[in-house]
Amino acid sequence: MIEMKNVSKKYINGVQALTNINLKIEKGDFAFLVGPSGAGKSTFIKLMLKEEEPSEGMIYLDNKDITKLSRRKTPFLRRNIGVIFQDFRLLPNKTVFENVAFAMEIIESSSKEIRRQVPMVLGMVGLSERANQYPHQLSGGEKQRVSIARAIVNNPSILIADEPTGNLDPETAWEIMKVLRQINRRGTTILMVTHAKDIVDVMQQRVIALEKGRIIRDEQRGAYGYED
Amino acid sequence: MKIRTVKYILKQGVLGLWRNRGMSVASISSVSASLIVLGLIITLVLNINNVATLTQTHFDTIQVYVQDNLSEKETVNIGKAIEGIDGVQLVEYESKEQALLNMRERWGEQGYLLESLEENPLPNSYIIHLENIELADDVVLSIKSVEGIDEVKYYKEIIQNMLRIAGFIRTVGLILIFILTLVAMFIISNTVKLALNARRQEINIMKYVGATNWFIRWPFIMEGIVLGLIGAITALLIVHFGYQYTFDIITARFTAIFSAYLIPIEEMMKKTILMFTVLGTGVGALGSIISLRKHLNV
Ligand SMILES: Nc1ncnc2c1ncn2[C@@H]1O[C@H](COP(=O)(O)OP(=O)(O)O)[C@@H](O)[C@H]1O
Ligand SMILES: [Mg+2]
């Protein structure tokens with residue numbers, strides 16, 4: 001569960017990126033975050049990951065105020081939040097298996113756990129056959145599925161996706177959406193930043209619209225609502 | 001920390017070092033350069049101190065060499081003249097034959113070396129004990145004005161000079177080492193910066209997946225430590241063989257007696273191994289920590 005109370009963010013250069021944000025995303029929800037460029041979407045994500053601190057307000061994750069969390073505990077917060085990006089961010093000199101295993105290695109999982117968990121999530125994203133290939137041998141959609149596998153391999157309760165289909169053709173984008181939907185059905189809360197109007201309109205999920213740092217619309221089963 | 005993590009840290013550290021071989025060589029050289037200078041200074045200072053201490057038995061006496069061509073009467077008169085000087089407590093006469101005997105005794109096992117001498121090179125001398133060590137300078141001055149004297153050996157002055165030189169070497173050396181250490185740290189921190197840049201992408205992913213700061217930092221600190229350690233080992237080898245070589249030359253060219261005044265190599269190594277290792281790894285670790293503070297904001 002994610003909750004923001006009166007959250008504002010002003011960067012040190014004076015830019016007011018978010019103003020008085022109040023919202024609550026329940027456990028297991030699927031929510032889209034939409035809005036024009038510069039609206040504050042990335043800032044919203046950075047606050048959740050504690051890459052930035054809010055200037056005002058409180059942010060609760062599973063009822064714990066993360067703004068009070070010390071910097072030393074930040075890594076443990078991030079283990080509970082998976083993130084995927086538009087540009088996949090895979091390590092080119094590691095195989096698909098190794099890229100996913102990397103996320104487990106750095107939190108010191110045992111090799112036994114790694115051998116059990118990695119094939120399981122690769123199966124979930126439909127990449128079992130590709131385990132020993134390198135990123136350059138994969139299509140864009142496959143790369144994004146590897147990055148999803150890496151994001152969920154440590155069983156986070158929340159998955160954040162920052163324009164995950166931005167670099168993909170429509171058909172591939174839908175494959176990715178299917179994978180995300182399936183992960184959501186298993187109970188993972190998903191927050192997805194997107195500009196893909198057709199996806200938002202078809203999915204019929206909650207839509208939170210930001211503009212100039214304020215929430216201008218928050219609808220269950222909403223539509224994209226912009227013409228661009 | 002799990003064993004697998006330790007292995008990971010070691011492997012990443014060495015890998016990073018290998019990726020930037022050129023900079024690694026520069027780092028290692030700079031660490032060993034400053035440690036070699038340190039070794040040189042330690043060698044000089046310790047040996048000078050050693051010689052000074054060993055000579056200290058003559059500390060409070062003045063030895064007066066009498067000219068070789070004097071008659072017995074003239075020699076005795078010199079003794080009387082010295083006795084008359086203010087501050088002189090006791091005057092002992094040591095004939096050149098006695099001096100040779102004494103030397104043979106002092107040299108102990110190596111005394112046989114003196115048997116090959118065709119002629120006794122030692123002078124007749126007076127050994128003067130002082131009432132008060134503070135009067136030494138005045139007494140030396142008065143003795144020098146006595147006719148028929150070849151040389152006045154006043155060991156206290158020599159020892160003090162040696163100690164002064166040792167002190168000077170130590171001060172200049174420490175300043176030099178300080179500068180060289182800064183240079184070494186600077187080079188290491190640059191090497192680590194390159195390693196950091198090579199792994200930017202990886203570090204970024206590690207951050208998002210929830211690696212702790214120390215997990216991210218350790219491989220780089222390890223890289224610095226390994227660089228410093230290799231530098232220390234290189235310096236130890238060079239200092240060891242350098243000292244051995246010089247020791248052998250001095251012993252061969254001059255006389256074996258000299259080696260009695262030098263600190264044996266085993267002892268030098270005992271003194272330097274721990275110091276070099278700690279300093280090398282310390283400089284390495286510090287250099288990389290500086291780099292991490294500047295270039296890695298996790
Ligand atoms: N680190 C930063 N420092 C200063 N201003 C920033 C920073 N990051 C973003 N901004 C500004 O904050 C506003 C919101 O940016 P952002 O959250 O990236 O929007 P979006 O992701 O919706 O495009 C923009 O005006 C942007 O220029
Ligand atoms: Mg953005």
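Proteins come first, then strands; the chains are lettered A, B, ... in the order of their sequence lines, and each starts at number 1.
If you check the side chains of A:Glu51 and B:Tyr208, you find a donor sitting under 3.5 Å from an acceptor.
The environment of A:Lys9 atom NZ is dense: over 12 non-hydrogen atoms of other residues, nucleotides or ligands sit within 6.0 angstrom. Under a cut-off of 6.0 angstrom, the local environment of CZ in B:Phe178 is sparse, with at most 12 non-hydrogen atoms contributed by other residues, nucleotides or ligands. More than 12 heavy atoms of other residues, nucleotides or ligands lie within 6.0 Å of OH in A:Tyr60, so this atom counts as buried by the packing criterion. Residue A:Lys94 places its NZ atom among more than 12 non-hydrogen atoms of other residues, nucleotides or ligands, all under 6.0 Å distant. Within a 6.0 Å radius of CZ in B:Arg293, other residues, nucleotides and ligands contribute 12 heavy atoms or fewer.
In this structure, CD1 in A:Ile106 is found 11.0 Å from OG1 in B:Thr5, a value given to the nearest 0.5 Å. Rounded to the nearest 0.5 angstrom, A:Phe88 CZ and B:Ile205 CD1 are separated by 13.0 Å. Taking CD from A:Glu105 and CE from B:Met206, the interatomic distance works out to 9.5 Å, rounded to the nearest 0.5 Å.
Checked against B:Thr212 for a side chain to side chain contact (heavy atoms under 4.5 Å, CB included), the options A:Arg79, A:Arg72, A:Glu108 give a single hit: A:Arg79.
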Query - Verdict with supporting geometry, A:Arg78 and B:Val209, side-chain contact (heavy atoms from CB on, under 4.5 Å) - result: CA-CA 6 Å; A:Arg78 291 181 185 160; B:Val209 188; over 6 Å; no
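Contacts with chain B were tallied for A:Ser111, A:Ser109, A:Ala151; A:Ser109 has the most, counting heavy-atom pairs under 4.5 Å.
Scanning all heavy atoms of the two residues, the minimum distance from A:Leu90 to B:Gln201 falls at O-NE2, 3.1 Å. For the pair A:Pro75 and B:Asn213, the tightest heavy-atom approach, listed with the atom from each and the gap, is CG-N, 4.4 Å.
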